[in-house]
Amino acid sequence: MSGQRHYLGFMPPYILNRLIDHGSEWQRSRALKTLTHVRQFLPATARQSQASVAEAHQPGQLQRNIYDAQHLTVLPGALVRVEGQRASGDVAVDEAYDALGATHDFFWQVYGRDSIDNRGFALAGTAHYGEGYENAFWNGAQMVFGDGDGEVFQRFTRSLDVVAHELTHGVIESEAGLVYRNQSGALNESISDVFGVLTRQYVLKQTAEQADWLIGADLLTDKVKGKGLRSMSHPGTAYDDPVLGKDPQPAHMDDFINTQDDNGGVHLNSGIPNRAFYLVAIALGGSAWERAGQIWYDTLCDKNLDNDANFQAFATLTVQHAHQRFGTEAADAVRKAWEEVGVGLAGESPNERTSGLG
Amino acid sequence: MKELPALGNDATVRLSRQGGQVTTMTRPREIEFAQCNVDEREQICNVLNRCLPQTSTDVGRGDQRFYQIEVRYRSDNRDDQLRFTVPEDQASEELKRLWDKGQV
């Protein structure tokens with residue numbers, strides 16, 4: 001069974017979607033109004049599904065709704081698989097279903113976190129977004145996955161760490177709400193990478209030493225000269241390709257990128273806290289989600305973490321949480337990792353650069 | 001911003017698609033008005049003016065992509081510039097085409 005589709009009215013939603021994507025401005029405007037009206041009568045949207053979850057939720061109970069955008073850009077698309085239904089036969093839909101389930105399981109089993117809001121938020125994901133769409137994102141209500149162009153990128157549902165990265169954006173919004181700009185935005189990106197890569201390591205039962213510490217290793221086609229989208233162990237080395245260019249991520253504050261692009265370089269400077277996390281995980285050894293991940297999770301959930309926190313503020317809190325939960329040795333390892341990437345701690349940081357504007 | 005300022009022969013428009021998981025695919029496109037005829041300039045200005053209702057400063061969250069439009073121009077005998085952003089899901093097809101193909 002591939003899910004029921006209820007179309008009301010004379011004009012099916014897929015035709016309206018087509019008009020929205022390809023029609024004239026007038027057609028687009030009329031189709032959008034009609035679709036919004038029709039959606040009021042459709043059985044489930046990403047937001048509507050939250051109400052039914054809240055009514056009868058058992059702690060840790062997983063609820064997934066996977067949609068198919070049918071290569072259009074209207075969300076959430078057609079509902080094709082709900083929790084408990086067997087595989088749809090659509091690879092991207094089933095990958096999204098499985099990866100969201102694995103991420104939910106990771107947060108629940110390891111940190112006792114019940115989904116995005118810690119109250120059983122129903123996970124909604126849309127596959128086949130757009131045509132050759134080379135991205136995945138969290139829009140505040142759901143995860144969205146493109147199929148890639150097939151030349152440089154494969155479908156984004158292939159990558160468990162990327163799916164988990166997007167879900168973690170929801171977790172961050174629900175906790176610290178780190179502002180998506182400058183250093184707080186780079187922390188937002190880095191924390192998403194951290195729990196994205198930890199989800200994959202947890203599923204594969206890899207130790208810190210065994211893991212490749214790559215984000216999006218499953219996305220690049222064979223034509224690309226690269227290993228993945230980002231390297232957490234060695235930021236700036238993930239790819240060097242004629243089409244993609246060279247991985248621009250810095251690994252140290254000396255190379256911090258001041259830019260107005262990319263919301264102040266949120267996907268660039270995240271390389272610095274990414275490497276700090278990697279160094280902590282290697283120093284503490286074993287399964288990275290157990291100690292390094294727990295320290296980062298405790299910090300993310302700390303009410304003292306301001307939404308505009310800079311690297312220094314975040315680093316300082318990680319040392320405190322390392323000490324509280326695992327003692328002096330762990331705290332020293334965390335302090336040393338931040339020092340290695342050029343981030344000093346509050347009150348003891350003569351080397352901290354302030355050019356990132358926090 | 002309700003309307004673009006008057007753009008003369010010396011204006012330059014830079015369009016880029018920002019944000020998202022792939023940071024090196026912004027493919028910035030720079031259009032020098034000095035290289036355009038009067039009709040082309042007017043069409044580009046019309047496209048940009050029609051974008052203005054969709055502009056937002058809260059863009060990019062959670063890897064969502066957005067279009068960044070930067071305009072450099074002369075005003076009152078001095079250099080000036082403005083920058084605005086449009087969320088990808090709000091961007092018109094004509095803006096996307098201008099960025100992608102350099103055509104209006």
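Model, not experiment: these values are computed from the prediction. Below, chains carry the letters A, B, ... as their sequence lines are ordered, and counting in each starts from 1.
In this structure, the portion of B/Arg17 lying under 4.5 Å from any heavy atom of chain A is its side chain and not its backbone. With a 4.5 angstrom heavy-atom cutoff, A/Glu166 touches chain B only via side-chain atoms. For A/Gln249, no part sits under 4.5 Å from any heavy atom of chain B, backbone or side chain.
Between A/Phe195 and A/Phe107, the distance from one ring center to the other falls under 6.0 angstrom. Residues A/Tyr133 and A/Phe145 place their aromatic rings such that the two centres sit no closer than 6.0 Å.
Using a 30° and 60° split on the angle between ring planes, A/Phe153 and A/Phe156 fall in the tilted class, from 30° to 60°. Ring geometry, A/Tyr180 versus A/His169: the interplanar angle exceeds 60°, so the pair is classed perpendicular (tilted spans 30 to 60°).
Between chain A and the residues B/Arg65, B/Glu70, B/Gln68, the largest count of heavy-atom pairs under 4.5 Å involves B/Arg65. Among the candidates A/Leu229, A/Thr168, A/Asp261, the residue making the largest number of heavy-atom pairs closer than 4.5 Å to chain B is A/Asp261. Per-residue counts of heavy-atom pairs under 4.5 Å with chain B were compared for A/Gly216, A/Gly185, A/Ala136, A/Gly245; the largest is that of A/Ala136.
Here B/Asp79 does not pair with B/Arg72 in a salt bridge; the nearest charged N to carboxylate O distance is not below 4.0 Å.
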